[in-house]
Amino acid sequence: MTGPGLLTALWLAPLVGALVVVVLPASARRAARPLALVTSLVVLGVAVALAVGFEPGGDTHQFVESRPWIPAFGATYTLGIDGVALVLVLLTAALMPLLLLAGWRDTDDSSGATSDGRRAQSYPALMLATQGLALVAFTSLDVLLFYVAFEAMLIPLYFLIGGFGTGAFGDSGADRAQAAVRFLLYNLLGGLVMLAAVLGLYMYTARAGLGPDGRGTFDYRLITDAVADGRLQIPPGAMLLLFAGFTLAFAIKAPLWPFHTWLPGAAVAATPASAVLMMAVVDKVGTFAMLRYSLPLFPEAAATAAPVMVTLAVISIVYGGIMAIAQTDLLRLIAYASISHFGFIVLGVFAATEQSATGSTLYMVNHGIATAALFLVAGFLVRRHRIREIGYFGGVQQAAPLLAGVFLIAGLATLSLPGLAPFISEFLVFVGTFEVYPVAAVLATSTFVLAAVYILWTYQRVMGGPLAPGLRSTPDLTTRERVVLAPLVVALMVLGFYPQPVLDVIDPAVAETVAHVEGATR
């Protein structure tokens with residue numbers, strides 16, 4: 001048993017910050033956004049401390065904290081991080097200050113007047129609450145604790161999608177409410193199925209006599225060790241059902257075709273900052289959980305289902321690219337591009353080679369950075385005119401050259417141009433997948449053409465050509481917007497040329513997961 005430590009501080013700080021922000025009296029509401037920003041910087045400081053103290057060649061799970069939670073059911077408050085969790089924790093912590101700055105004016109009214117009312121308090125509070133719950137999910141080593149965080153993060157995100165930005169981004173309150181309800185229903189359905197699978201897994205651990213008193217356990221480490229050494233025997237049919245229950249919830253969250261339909265509407269209904277929080281952080285919980293739970297807990301079932309999951313991943317890649325080309329809405333186009341990229345991540349996970357899984361994990365990080373840059377710069381442009389239609393724009397680079405330049409860099413990163421961060425992760429996924437599923441790897445390469453079409457064509461229509469009527473006075477990036485986008489652009493370039501430090505952290509954890517799966521399926 002260990003006491004509170006850095007991991008508790010990591011998730012507790014944003015939740016406490018959210019509570020403080022939301023209960024500020026009316027006379028102090030102007031302090032809500034600065035206080036939220038300071039809180040996010042504290043969280044970033046804790047994440048950096050974790051990174052500095054983490055030993056890539058050390059124990060698999062480090063900074064472990066464990067205390068009883070529900071002893072009667074073998075549930076514990078157990079936190080710990082491996083290399084995969086660490087890089088996603090850093091991504092989550094690093095993005096939040098930028099997203100709060102990006103959304104600094106998202107609660108202003110449609111005329112641009114600054115809002116100091118309840119909305120100015122609740123918006124940053126909900127952002128911090130979502131961050132805190134995502135951090136619990138990334139660091140949890142108890143299956144039930146993970147499930148609670150996995151479901152709880154839906155609540156603040158539901159209000160972020162349905163409650164903010166109406167009128168400023170070219171949509172209506174009805175559109176936002178519908179998107180929020182669809183998001184919630186899809187994810188609640190997956191969560192209910194997962195709950196049944198969690199309880200089923202617990203029953204099998206009880207039959208095997210696992211846990212301190214032999215009555216069952218939710219401890220991830222105990223369960224995976226028991227699976228590896230044969231102490232936990234689950235019949236093949238039951239294991240496949242349990243795997244399906246977990247993986248369905250993760251596939252909806254990811255989102256993977258055909259469970260993706262909630263994402264485009266939610267992405268365009270939310271403000272750009274909260275949409276990035278959803279796509280770059282919350283949706284990564286789904287792909288992270290596939291690697292953390294679906295494979296090690298149910299290795300034989302994962303091997304049986306792998307061809308199906310690989311097929312769905314390839315469909316997501318191609319479908320997302322084709323749908324992106326067909327879009328006339330700028331933000332919806334980026335949302336469909338994300339669906340295509342999530343297909344790559346899932347492909348790498350279920351190809352289950354060391355290279356593909358490493359590439360998939362690195363892709364989670366790089367996609368978060370690239371999507372944040374592209375969606376935010378597109379959101380800044382949309383907010384200037386309150387119109388999302390691509391056909392409205394044209395020649396923006398003449399009026400706002402810096403905005404156009406950042407859009408181009410982020411777009412080129414999205415199509416995985418060599419020298420920018422997503423390229424190496426996509427390359428690793430291709431190489432690793434080709435070893436076991438060569439046809440799927442070849443089909444997935446179609447994304448190179450599709451991504452080039454939707455990114456370059458969009459840039460030509462929006463930024464190139466003659467200046468469209470009404471765009472001559474388009475302001476270029478403000479100082480605040482430059483502060484938001486500059487770190488993202490730098491990260492895309494640095495990780496594009498030198499990803500080795502991140503790979504050094506990821507590799508040991510991925511190698512252990514792949515070895516565990518291979519050992520259990522021999």
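Within the model, atoms CG of L312 and CD1 of I317 stand 11.0 Å from one another, a figure rounded to the nearest 0.5 Å. Taking CG of L189 as the start and CG of L184 as the end, the distance is 11.0 Å to the nearest 0.5 Å. For the atom pair CG (L199) and CG (L144), the distance works out to 8.0 Å, reported to the nearest 0.5 Å. Here the CG atom belonging to L381 is positioned 10.0 Å from the CD atom belonging to E481, to the nearest 0.5 angstrom. Note that CG of L277 and CG of L99 are 6.0 Å apart. Values are rounded to the nearest 0.5 Å. Within the model, atoms CE of M278 and CG of D283 stand 6.0 Å from one another, a figure rounded to the nearest 0.5 Å.
Under the 3.5 Å distance criterion, with hydrogens and angles disregarded, no donor-acceptor pair is assigned to the side chains of Y147 and S140. For the residue pair T217 / T205, no side-chain donor-acceptor distance below 3.5 Å is found, with atom types taken as modelled. At a cut-off of 3.5 Å, with distance as the only test, no side-chain donor of T287 or Y363 sits close to an acceptor on the other residue. Side-chain contact, S338 with H367: a donor N or O sits under 3.5 Å from an acceptor N or O. Between the side chains of T78 and D142, no donor-acceptor pair is found at a separation under 3.5 Å. T8 and E65 form a side-chain donor-acceptor contact under 3.5 Å, judged by distance and modelled atom types alone.
Counting heavy atoms from C-beta outward, T447 and S340 have side chains that approach closer than 4.5 Å. Two residues are said to be in side-chain contact when any heavy atoms from C-beta on lie closer than 4.5 Å; L242 and Y204 meet this criterion. Between F350 and L295 there is a side-chain heavy-atom pair separated by less than 4.5 Å. In this structure, the side chains of P97 and L37 come closer than 4.5 Å at one or more pairs of heavy atoms. Contact of the R221 side chain with the V64 side chain is registered, since non-hydrogen atoms from C-beta on lie closer than 4.5 Å. Annotation: side chain of L15 is not in contact with side chain of L128 (no heavy-atom distance under 4.5 Å). Inter-residue side-chain proximity for L160 and T130 is flagged as met; some heavy-atom pair is nearer than 4.5 Å. Side-chain contact between S360 and L347 is absent, with no heavy-atom pair separated by less than 4.5 Å.
For R33 (side chain) and W104 (main-chain N/O), a donor-acceptor pair under 3.5 Å exists by modelled atom type. Without hydrogens or angle criteria, E426 side chain to S416 main chain gives no donor-acceptor distance under 3.5 Å. Of the possible donor and acceptor atoms, one in the side chain of N366 sits under 3.5 Å from a partner among the backbone N and O of A421. Under the 3.5 Å distance criterion, the side-chain polar atoms of Q131 are left unmatched by any main-chain donor or acceptor of M127. With W257 contributing its side chain and V314 its backbone, the two residues share no donor-acceptor pair below 3.5 Å. Not a single donor-acceptor pair under 3.5 Å links the side chain of K253 to the backbone N or O of N187. Under a 3.5 Å cut-off, the side chain of Q327 and the backbone N or O of A324 do not form any donor-acceptor pair. Formation of a donor-acceptor pair under 3.5 Å by the T371 side chain with backbone atoms of G368 is not found in this model. T247 contributes a side-chain N or O that, together with a main-chain N or O of F243, makes up a donor-acceptor pair within less than 3.5 Å. In this structure, H341 contributes its side chain and T414 its backbone to a donor-acceptor pair below 3.5 Å.
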Item to complete: Take L503 and L428, measure what side chain to side chain contact (heavy atoms under 4.5 Å, CB included) needs, and give me the verdict at the end.
Response: CA-CA 11 Å; L503 293 174; L428 288 172; 4.2 Å; yes

Fill in: Test side chain to side chain contact (heavy atoms under 4.5 Å, CB included) applied to V84 and T513, step by step
CA-CA 10 Å; V84 175; T513 298; over 6 Å; no

Item to complete: Begin from the C-alpha positions of L91 and L95 and carry the test side chain to side chain contact (heavy atoms under 4.5 Å, CB included) through to its verdict.
Response: CA-CA 6 Å; L91 174 69; L95 282 180; 3.8 Å; yes

Item to complete: Check the pair F288 / F138 against ring pair (Phe, Tyr, Trp, His ring centres under 6.0 Å), numbers first and verdict last.
Response: CA-CA 8 Å; F288 163 80; F138 287 134; 5.3 Å; yes

Worksheet item: When you look at F250 and S294, which way does the side chain to side chain contact (heavy atoms under 4.5 Å, CB included) test go after all the steps?
Response: CA-CA 9 Å; F250 304 153; S294 295; 3.4 Å; yes

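Minimum heavy-atom separation, G83 to A509: N-CB, 3.8 Å. The nearest pair of heavy atoms linking L135 to L10 is CD1-O, 3.5 Å. In terms of heavy atoms, S316 sits closest to L256 at OG-CD1, 3.3 Å. Heavy-atom minimum distance, P14 versus T39: CA-CG2, 4.0 Å. Residues A137 and V285 come closest through the heavy atom pair CB-CG1, 4.0 Å. When all heavy atoms of L492 and P422 are compared, the closest pair comes out as CD2-CD, 4.2 Å.
Ring pair F218/Y202 is parallel by interplanar angle, where below 30° counts as parallel and above 60° as perpendicular.
In this structure, F159 places its CZ atom where only 12 or fewer heavy-atom neighbours from other residues, nucleotides or ligands lie under 6.0 Å away. No more than 12 heavy atoms of other residues, nucleotides or ligands shown are found within 6.0 angstrom of CZ on F73. Residue E512 qualifies as open at atom CD: its count of foreign heavy atoms under 6.0 Å is 12 or below.
Taking the six-membered ring wherever Trp is involved, the centroid distance between the rings of Y220 and Y293 falls below 6.0 Å. Residues F183 and Y158 place their aromatic rings such that the two centres sit no closer than 6.0 Å.
Residues forming a salt bridge (Lys or Arg N to Asp or Glu O under 4.0 Å) with R480 (at least two apart in sequence, or on another chain): none.
Of the options T361, L362, I345, a side-chain contact (heavy atoms from CB on, under 4.5 Å) to S425 is made by L362 and by none of the others.
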